Student: 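Starting off with a structure, shown below.
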Amino acid sequence: MTGSFSSHVEITLRVNGEPVTARVEARRHLIDFLRLDLGLTGSHAGCEHGVCGACTLRVDGEIVRGCLTLAAQLDGSEVWTIEGLSDSGAIRDLQDAFVARNALQCGFCTPGMLAACAELLDHNADPSRDDIREHISGNYCRCTGYEAIVDAVAAVAAARRGLARAAE
Amino acid sequence: MTVNLHLSELDRPNSYIGKTVPRPNAPRLVEGRGVYVDDVVLPRMVHVAFFRSPHAHARIGEIATAAALAVPGVIRVFTGRDIADICSPWVAVLAHLKGLKSAPQHALAVERATWVGEPVVAVVAATRAAAEDGVAVLEVQFEPLPVVADMETALDPDTPLIHPELGDNLVFQRLHEKGEPDAAMAGAAKVVEAVFHTGRHTGVCLEPRSILANYSRPENQLTVHHSTQAPHMMQTIFAKHLDLPEGNVRVICGDVGGSYGVKVHVYPDEMAVAAIAKAMARPVKFVADRLESFASDIHARDHRIKGRMGVDAQGRIVAMEIDDLTGIGPYSVYPRTSAIEGNQVVNLCGGPYDFQNYRAQTTVVLQNKTPTCQYRAVGHPIATAVTEGLVDLAADAIGLDPAEFRRRNIVRDDAYPYTSAANMRFEGLSHQASLEKLLTMMDYDALRAEQVRLRERGIHRGIGLASFIELTNPSPFMYGIGGARISAQDGCTVRMDPDGSVVALSGVTEQGQGTDTILAQVVAEGVGVPIERVRVITGDTQVTPYGGGTWASRGAGIGGEAALQAGLALRENILVVAAAMLQAEAGALDVVAGEIVDKATGQPRMPLAELGRIVYFRGDTLPKGLPRELVATRHFITSDYPFAFTNGVQASYVEVDVETGFVRLLKHWCVEDCGRIINPQLVDEQVRGGIVQGIGGALYEHCLYSEDGQLMTANMADYLVPMAAEMPDMVIGHVETPTRESLLGAKGAGEAGTAGAPAAIMNAINDALKPFKARVTAMPFTPERILAALGTIPERRL
């Protein structure tokens, strides 16, 4: 292979529904691209090696770790962060349930936790408590002890099922 | 007009005290609109990355900076000597801990590096990435020195000295004796003994330590955005060590992503950042990454405790003896010191039990490991594990059920005030009521029956109980009397604005536990306004009354009382104006739900917004000389007791897989008594979060070091923390014994969960292992250790 590696890469993608074109360092992680380049500080960097889940966000419909994804990989992608998910109202019920059940304390894990919980509810309308615990077991929360989060997700699942039944 | 917070008053339906209300700051956080230090960006801001010692102990030689300075984006490099010119060193001792000694510690190591992770050189660059690039090409010469890794041999004559000028590796030793422990032990029907280890672990705040310091040369003003629990303490310390007038230092503490005691200490790298800001007169940011967090955040609980307990033939505890040894790293941590944890072990062992013959010693030694200091529930999980472990052994030795043994020995609820064998003074606790409530909640007898049934099927479940006391609401006896400028007092200023809304400024701080919420509840109650009309501001030394911040479970008990008194004072001030406007007696009026009302009938007379309009814009219509102070400030400090102790009891139900050594947590219960409960949901969630943090120490978390002092668990893949899948559901109950020291009656609740959980887990595991005559007493209780206890695999020292 000849030629030099490019240290910068041009990408065009959609972030929270808005078009973004940027020239990023090849080593730039998605979490840093969002936080430092786009000012989207709702996603948090907790461990920077994919274990804590604080940077969990949605790329092309799947949740990913913002700290394990390179921005350069995302040309043509659709990225949704907590800011966009909040503005669109897509997870309003989940956010309200977190507040009502006090399923957050310091709030640092919360955006990533919400992304993980939202994905579970998208794929499983009736998760057991164990299902919920299993699904969020990649998201570290030092404050709550997790039970309030499990309660909040279970409550939203039940409410959504109730709404679905009412619609039938 | 007074509000009487005795129960009859609190029972009235509209009281905010005792009511679950949602946290006003939570909706912001669920939308990702929190503002943590790393979210703050200032013009001309630069970033720091640190070169940290790769050696546990080494002399620092030549530091070659040219390659780093050549890295694009790198602006400047600071060595230890550079920083020492700007920031003076500190020695962390407290006068009331007699004999406590430590060596001067610099922001960046100057002569020697004394633990793996100690900051040695700071690289300043336009971006964090560039600063790290610079660190990567720094060349630092080290001459390795002998390493003191094992606390057990730290005081041996042939062990090298970490700080030769101190004369030995002993930091602090305290022997406490009461009664006649030797005679009582000699006369005991049974004496049980065991050696316990609480593994060294750390806080793992999800938001790493973060600081953004800015210095304005023309104003000689340092402004620090800091993820901290104690902004005023840090203001004082920045001023002292950077040679600035205290009034010229402002510490701003916005959202904090978890703290648990980790963020209440002075960290050398953070002091270096402030020093660099002063030197460069521009904003300097440092956010620890996870690897450096593990090596530089305080560690805690590295203790070995030998314990003995004597009981008489009736199963009454007659004496207890403990010998505690702890290794704290190479320096006592500033300014709270690293002797407090061992001291707490002495103070808290045996705390729930009625006996008076006690001997306890703590020995605090130096080692070349990360410094340890106060971490959530300081000393409590250790003391509770030792005490409750011995209690279960004693119950077994005398042939009593563990619950019955506790019934016979806990301090009776009618025995207060009571002074413990450790000379701790208790105003009023509820061990008996709490234990009975717990046993009912868990249906203890049914659980025991289930345990027996399952054992016959080869399923090994265990039930573990743990009574505990928790130290909260500390007075100056904790730090102030030792000479540390750490405020035990706290204050609150409450202000009514023209529209009738209320702003409360408090010296306590919020890190997620809900301080802001309970302050809003208390102020709304005190003034008489809907909680939606109250805005709470904390965490800015230039704005709030001087106070201690939030640690040692003091936010509600101290900060809450100051807020209540300030709210009540504002209400009185409002009523003076209202009386003049309505030509009534102030005593005949009240403020209810944001309106002036007739006290007797509740008849609305005037909204607060009308009173605000007149005071602020038409003061000419009020009588000349009428006091119109719509601001009130009150402070509170405890004075009758050095600490407001609380109590509680936990139970754990576990299943141990004796083939694999894995422990499954089936359920957990806790009954605790934090005095007056302001917000039941917040208290419950503090307890739950605390329990899980305690479970972490009991089962997973361990800072493991190699013999040469290398930290082997320095990332989140190697250092295990509790995750959702393994955690149990927890049932929380309460008994309320308000303190009479304050009108509010609140004591603390932040550490109860962590205090009791490890002991409950340990006792449950050992209860499950009982048929095998196996037991574990060294945390964390890993599958390996459980299998070793069962004799399945050989024991290995970790």
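Since the model is a prediction, treat every value here as computed from it, not as a measurement. Proteins come first, then strands; the chains are lettered A, B, ... in the order of their sequence lines, and each starts at number 1.
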Student: Do you know which of B:Ala724, B:Gly689, B:Gly512 has the most heavy-atom pairs under 4.5 Å to chain A?
Tutor: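 Most pairs with chain A among the choices: B:Ala724.
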Student: Select one option (side chain, backbone, both, neither) describing which atoms of B:Glu726 are under 4.5 Å from chain A's heavy atoms.
Tutor: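 Contact with chain A involves no heavy atom of B:Glu726 at all.
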Student: Using only non-hydrogen atoms and a strict under-4.5 angstrom cutoff, which residues of residues 100-111 of chain A touch chain B?
Tutor: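 Checking residues 100-111 of chain A against chain B gives A:Ala100, A:Arg101, A:Asn102, A:Leu104, A:Gln105, A:Cys106, A:Gly107, A:Phe108, A:Cys109, A:Thr110, A:Pro111.
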Student: Any side-chain heavy atom of B:Gln513 sitting closer than 4.5 Å to one from A:Cys143?
Tutor: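 No; the side chains remain at least 4.5 Å from each other.
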Student: Looking at B:Pro722 and A:Arg142, what are the two nearest heavy atoms and their distance?
Tutor: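 In terms of heavy atoms, the two residues are closest at CD-NH1, 3.7 Å.
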Student: Relative to chain A, which segment of B:Val204 carries a heavy atom at a distance below 4.5 Å: side chain, backbone, both, or neither?
Tutor: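 Contact with chain A: backbone and side chain both.
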Student: Between A:Arg133 and B:Asp729, is there a side-chain heavy-atom distance shorter than 4.5 Å?
Tutor: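 Contact flag for B:Asp729/A:Arg133 side chains = yes.
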Student: Given that the side chain runs from C-beta out, which part of B:Leu206 has a heavy atom under 4.5 Å from chain A: side chain, backbone, both or neither?
Tutor: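 B:Leu206 touches chain A through backbone and side-chain heavy atoms alike.
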Student: Quick check on B:Asp255 against chain A: is it the side chain, the backbone, both or neither that has a heavy atom closer than 4.5 Å?
Tutor: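 Contact with chain A: none, neither part.
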Student: To the nearest 0.5 Å, what is the distance between CE (B:Met727) and CD1 (A:Ile149)?
Tutor: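 So the gap between those two atoms works out to 13.0 Å.
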Student: If you check every heavy atom in residues 41-55 of chain A against those of chain B, which residues fall under 4.5 Å?
Tutor: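 Only A:Thr41, A:Gly42, A:His44, A:Ala45, A:Gly46, A:Cys47, A:Glu48, A:His49, A:Val51, A:Cys52, A:Ala54 of residues 41-55 of chain A have a heavy atom under 4.5 Å from chain B.
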Student: Go through it in stages, so that I can follow the logic: the residues are B:His668 and A:Glu147, the test is side chain to side chain contact (heavy atoms under 4.5 Å, CB included), and I'd like the CA-CA distance, side-chain angles, deciding distance and then a yes or no.
Tutor: CA-CA 12 Å; B:His668 202 100; A:Glu147 184 168 338; over 6 Å; no
Student: Counting only non-hydrogen atoms closer than 4.5 Å, does B:Asp38 touch chain A with its backbone (N, CA, C, O), its side chain (CB onward), both, or neither?
Tutor: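 Both parts, heavy atoms under 4.5 Å.
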Student: If the contact rule is any heavy atom under 4.5 Å from chain B, which residues of residues 11-36 of chain A qualify, in numerical order?
Tutor: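 Those residues of residues 11-36 of chain A which have a heavy atom under 4.5 Å from chain B are A:Arg27, A:Arg35.
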Student: What's the separation between atom CD in A:Gln95 and atom CG in B:Leu29, rounded to the nearest 0.5 Å?
Tutor: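 Between atom CD of A:Gln95 and atom CG of B:Leu29 there are 11.5 Å.
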Student: Measure B:Val692 against the heavy atoms of chain A and call it side chain, backbone, both or neither at under 4.5 Å.
Tutor: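 B:Val692 touches chain A through side-chain heavy atoms alone.
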Student: Quick one: are B:Arg688 and A:Tyr146 in side-chain contact, heavy atoms under 4.5 Å?
Tutor: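 No - every pair of side-chain heavy atoms lies 4.5 Å or more apart.
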Student: Within residues 77-88 of chain A, which positions have a heavy-atom distance to chain B below 4.5 Å?
Tutor: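 Those residues of residues 77-88 of chain A which have a heavy atom under 4.5 Å from chain B are A:Ile82, A:Glu83, A:Ser86, A:Asp87.
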Student: Using a 6.0 Å cut-off, check whether atom CZ of B:Arg33 has over 12 heavy atoms from anything other than its own residue.
Tutor: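 No, not enclosed.
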Student: For the atom pair CD1 (A:Ile136) and CE (B:Met723), what is the distance rounded to the nearest 0.5 Å?
Tutor: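 A:Ile136 atom CD1 to B:Met723 atom CE measures 8.5 Å (nearest 0.5 Å).
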Student: Strictly below 4.0 Å, N to O, side chains only: are B:Glu31 and A:Arg92 in salt-bridge contact?
Tutor: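 A salt bridge is present here (some side-chain N lies under 4.0 Å from a carboxylate O).
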